[in-house]
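These notes concern the structure reproduced below.
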Amino acid sequence: MGAAKKLKMNPRELATRVVEHLDLESIADNIEIAGPGFINIHLNDSWLSLQAESTLNHASLGINPTKPSQTVVIDYSAPNLAKEMHVGHLRSTIIGDTMARTLRYLGHTVIAQNHVGDWGTQFGMLLAHMKSLQSDSEALSMQLGDLETFYRAAKTRFDKEEGFADVARDYVVRLQSGDQECYDLWQQFVEVSLSHCDAVYERLGVLLTRDDLMPESAYNDDLANVVADLDAAGMITENDGAKCVFMEEFKGRDDTLLPAIVQKSDGGFLYATSDIAAARYRHSQLKADRVLYFVDARQGTHLAQVFAIAKKAGFVPETMSFEHMAFGTMMGKDGKPFATRTGGTVKLTDLLDEAEQRAFNLVSEKNPDLDEASRRKISGLVGIGAVKYADLSKSRTSDYIFNWDTMLSFEGNTSPYLQYAHARVRSLFAKAGEVDTSAKISIAEPAEHQLALTILRFSEVLELVEKDGTPNSLCNYLFELAGNFMTFYEACPILKTEDKAIRSSRLQLSQLTADTLKTGLGLLGIAAPDRM
RNA sequence: GCGCUGGUAGCUCAGUUGGAUAGAGUAUCUGGCUACGAACCAGAGGGUCGGGGGUUCGAAUCCUCCCCAGCGCGCCA
């Protein structure tokens with residue numbers, strides 16, 4: 001109908017003429033024109049059967065690598081090492097992980113970049129606090145055991161204790177100028193914080209490792225160069241002692257131009273500077289074709305400035321694709337963003353503990369015969385999966401309110417539903433005995449028809465995720481697939497069917513469903529156990 | 001003031017380039033377990049898609065003006 005508009009034709013008339021020229025005898029049972037000009041093509045069952053068979057025989061479910069293959073840098077997770085990871089870090093980490101998995105699956109080269117916040121003013125405060133505790137190493141290591149408390153203690157002193165703020169600022173300068181003592185203290189702190197991140201990543205089952213770290217501090221030596229190069233390009237304006245880049249397209253209050261400050265009046269650099277350095281590095285060293293930033297929507301203006309500056313300065317090609325895959329803020333139940341300073345946030349580890357506990361209770365209730373170790377294992381996969389899915393299944397851009405119960409639900413559109421559909425198939429095969437894996441698929445029932453149609457749409461969904469960075473479209477698809485399977489399962493007897501050919505065909509369809517579910521869940525970083 | 005998001009069923013949310021009677025989950029109600037696994041299935045009710053105007057054969061979707069909410073807007077990250 002879009003074509004009809006361009007041709008200025010009546011859509012129904014165009015549809016009629018298109019249908020006259022269609023030759024789909026081998027594919028469609030029936031072609032009809034409906035409504036304002038839709039062409040409905042009723043795919044015939046034998047064609048669908050053939051497609052399903054070839055998908056089943058295909059090495060990766062009919063998915064062919066995207067061409068040309070790209071080098072894609074994905075910037076995600078990036079927690080601030082000064083504090084413990086909280087629920088607000090979930091989105092970037094999990095969505096980025098899904099994108100990394102999906103793009104790799106589609107044949108791209110993915111370079112993960114975990115741009116952790118390990119640099120900047122707040123570390124001065126932490127180091128000063130560490131230093132004063134250093135004489136008592138036991139107390140120090142104990143306090144570091146709980147980063148949240150440690151941070152608060154340092155913050156309190158920074159705000160209230162006379163002279164402490166000056167000491168803290170001095171530590172920042174010493175750290176950034178390479179003072180060995182400061183550096184050692186800093187390393188000690190960062191190590192504690194990173195091992196905490198490692199543990200969270202491990203529990204979440206995300207692929208990030210230390211190899212993917214490219215912390216802010218790594219760009220430190222390049223920051224002066226960035227400013228010098230911007231200056232050489234004639235882009236620096238000095239304002240109240242600070243070095244700024246002004247661009248026409250960025251306006252602030254009262255229509256004045258909004259600066260990107262790249263160097264403070266005291267000589268220090270800012271995160272705009274390191275982000276510009278990172279953009280340049282990703283082009284020149286990592287050779288990225290595409291760079292995806294899974295970063296809070298509130299950084300929108302900042303990143304737009306960074307991309308524009310890097311391009312204008314010639315640090316990266318004008319045509320290079322920098323995409324801010326913004327996501328919304330997780331709000332508290334008062335509808336306001338979690339205020340980390342007041343401690344209103346939920347620790348990620350606490351959320352995961354609760355998820356596993358609730359899942360364990362449910363698994364134990366459903367499977368009292370299983371031994372505890374198995375129940376623990378399954379409840380880990382189910383509980384963590386539920387948390388991840390709850391986040392992944394929402395549209396990326398909108399804000400949402402954190403709620404324990406929706407986050408930890410195991411019914412309806414949740415990952416346990418998908419895992420359950422998968423487990424049901426596995427259970428069929430566990431009971432089926434010998435299975436003919438080369439059996440013909442023959443589709444006859446409406447439920448079979450619908451299931452096959454949905455299975456065949458997998459690749460188009462992955463393309464959408466690849467382009468838009470929207471894991472929720474994959475979630476929606478998998479939910480639909482699982483739902484179609486549940487309907488098929490209720491409507492079409494499989495093991496109980498007398499007819500050998502029908503039984504084999506339905507088992508083949510089930511296999512295809514399980515493979516697609518398992519693969520899809522795998523791309524979401526969620527496991528699909530055989531029992532649950 | 002300018003800019004970016006968003007406002008869809010009681011609640012939580014989908015809705016891909018403008019298309020058919022706006023869909024799920026949840027909650028409520030009705031059915032279905034001597035199980036190919038009830039974490040499920042079948043069905044019912046529930047909507048002025050924030051409001052007005054416009055473009056179009058056709059708008060939740062595009063344009064415009066309002067209202068509401070969250071966020072961003074000079075030396076934190």
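Chain letters run A, B, ... following the sequence lines, proteins first, then strands; residues in each count from 1. What you see is a predicted model, and the numbers here were worked out from it, not measured in a lab.
When atom types are taken as modelled, the side chain of A:Gln419 and the backbone of A:Ala527 share a donor-acceptor pair closer than 3.5 angstrom. The main-chain N or O of A:Thr93 is never found under 3.5 Å from a side-chain atom of A:Ser77 such that the two would form a donor-acceptor pair. Under the 3.5 Å distance criterion, the side-chain polar atoms of A:Gln508 are matched with a main-chain donor or acceptor of A:Thr437. Checked by atom type and distance alone, the side chain of A:His129 never pairs as donor or acceptor with a backbone atom of A:Leu126 at under 3.5 Å. The main-chain N or O of A:Ala447 is never found under 3.5 Å from a side-chain atom of A:Thr487 such that the two would form a donor-acceptor pair. When atom types are taken as modelled, the side chain of A:Ser427 and the backbone of A:Ala423 share no donor-acceptor pair closer than 3.5 angstrom. A donor-acceptor pair is defined here as one N or O able to donate and one able to accept, closer than 3.5 Å; no such pair exists between the side chain of A:Asp399 and the backbone of A:Gly328.
Rounded to a whole angstrom, the distance from the P atom of B:C63 to that of B:U16 is 15 Å. Separation of the P atoms belonging to B:G45 and B:U12 is 24 Å when rounded to the nearest angstrom. Comparing B:G50 with B:U61, their C1' atoms sit 16 Å apart, to the nearest whole Å. Of the C1' atoms belonging to B:G6 and B:G15, the separation is 15 Å, rounded to the nearest Å. The same atom, C1', is picked in B:G3 and in B:C40; the two are 48 Å apart, to the nearest Å. B:A59 and B:G54: their P atoms are spaced 12 Å apart (whole Å). Here the separation of B:C29 from B:G70, taken at their C1' atoms, is 37 Å to the nearest Å. B:G23 and B:U5 have their P atoms separated by 28 Å, with the value rounded to a whole Å.
The side-chain heavy atoms of A:Asp296 and A:Ser92, taken from C-beta on, include no pair separated by under 4.5 Å.
Looking at heavy-atom distances under 4.0 Å, A:Glu480 makes no contact with the nucleic acid at all. Using a 4.0 Å heavy-atom distance criterion, A:Asn80 is classed as making no nucleic acid contact. Using a 4.0 Å heavy-atom criterion, one finds that A:Thr470 contacts no nucleic acid atom at all. Using a 4.0 Å heavy-atom criterion, one finds that A:Lys251 contacts no nucleic acid atom at all.
Following rounding to the nearest Å, A:Phe327 (CZ) and B:C13 (C1') show an atom-to-atom distance of 19 Å. Rounding to whole angstrom units, NE2 of residue A:His324 and P of B:G72 are separated by 13 Å. Residue A:Leu303 contributes atom CG, which lies 15 Å from atom C1' of B:C73 at whole-angstrom precision. Atom C1' of nucleotide B:C75 and atom CZ of A:Phe246 are separated by 11 Å, given to the nearest angstrom. If you take CG of A:Leu126 and C1' of B:A77, they are 13 Å apart, rounded to a whole angstrom. The nearest whole Å value for the distance from the CG atom in A:Asn403 to the C1' atom in B:C13 is 13 Å. Rounded to a whole Å, the CG atom of A:Asp405 is 16 Å from the C1' atom of B:C13. When rounded to the nearest whole Å, the span between NE2 of A:His89 and P of B:A77 equals 16 Å.
Base pairing of B:A77 is not made with any nucleotide, judged by Watson-Crick or G-U wobble geometry with both donor-acceptor distances under 3.5 Å. In a base pair of the Watson-Crick type (N1 to N3 plus N6-O4 or O6-N4) or a G-U wobble (N1-O2 and O6-N3), with each distance short of 3.5 Å, B:A24 is matched with B:U12. Base pairing analysis places B:C4 opposite B:G70; the two distances defining the Watson-Crick or G-U wobble pair are each below 3.5 Å. Figure legend. B:G43 is base-paired to B:C29; pairs are counted as Watson-Crick or G-U wobble with both atom distances under 3.5 Å. Taking a pair to require two hydrogen-bonding distances under 3.5 Å in either a Watson-Crick or a G-U wobble arrangement, B:C57 pairs with B:G19. Nucleotide B:C36 forms a pair with no other nucleotide shown, judged by Watson-Crick or G-U wobble geometry with both contacts under 3.5 Å.
The side chain of A:Asn472 sits closest to B:A14 out of B:G74, B:A14, B:A20. Here the side chain of A:Lys264 is nearest to one of B:C76, B:A20, B:G15, namely B:C76.
Between A:Phe158 and A:Phe164, the ring planes are perpendicular. Angles over 60° get that label, and only those under 30° would be called parallel. The aromatic rings of A:Trp404 and A:Phe402 sit perpendicular, their planes meeting at an angle over 60°, well past the 30° parallel limit. Ring geometry for A:Phe322 versus A:Tyr293: interplanar angle of 30 to 60°, hence tilted.
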Protein proximity profile, nucleotides 34-45 of chain B - base contact B, sugar-phosphate-only contact S, no contact -, cut-off 4.0 Å on heavy atoms: --BBSBSSS---
Nucleic acid footprint by protein, nucleotides 4-9 of chain B - heavy-atom cut-off 4.0 Å, B for base, S for sugar-phosphate alone: -SS---
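In terms of heavy atoms, A:Tyr171 sits closest to A:Leu127 at CD2-CB, 3.8 Å.
If A:Tyr400 and A:Ala272 are placed on RNA chain B by their nearest nucleotide, the residue sitting closer to the 5' end is A:Tyr400.
For A:Asp296 and B:A77, a side-chain-to-base donor-acceptor distance below 3.5 Å is absent, hydrogens and geometry of angles not being considered.
Base orientation of B:G18: anti, the glycosidic angle falling outside 90° of 0.
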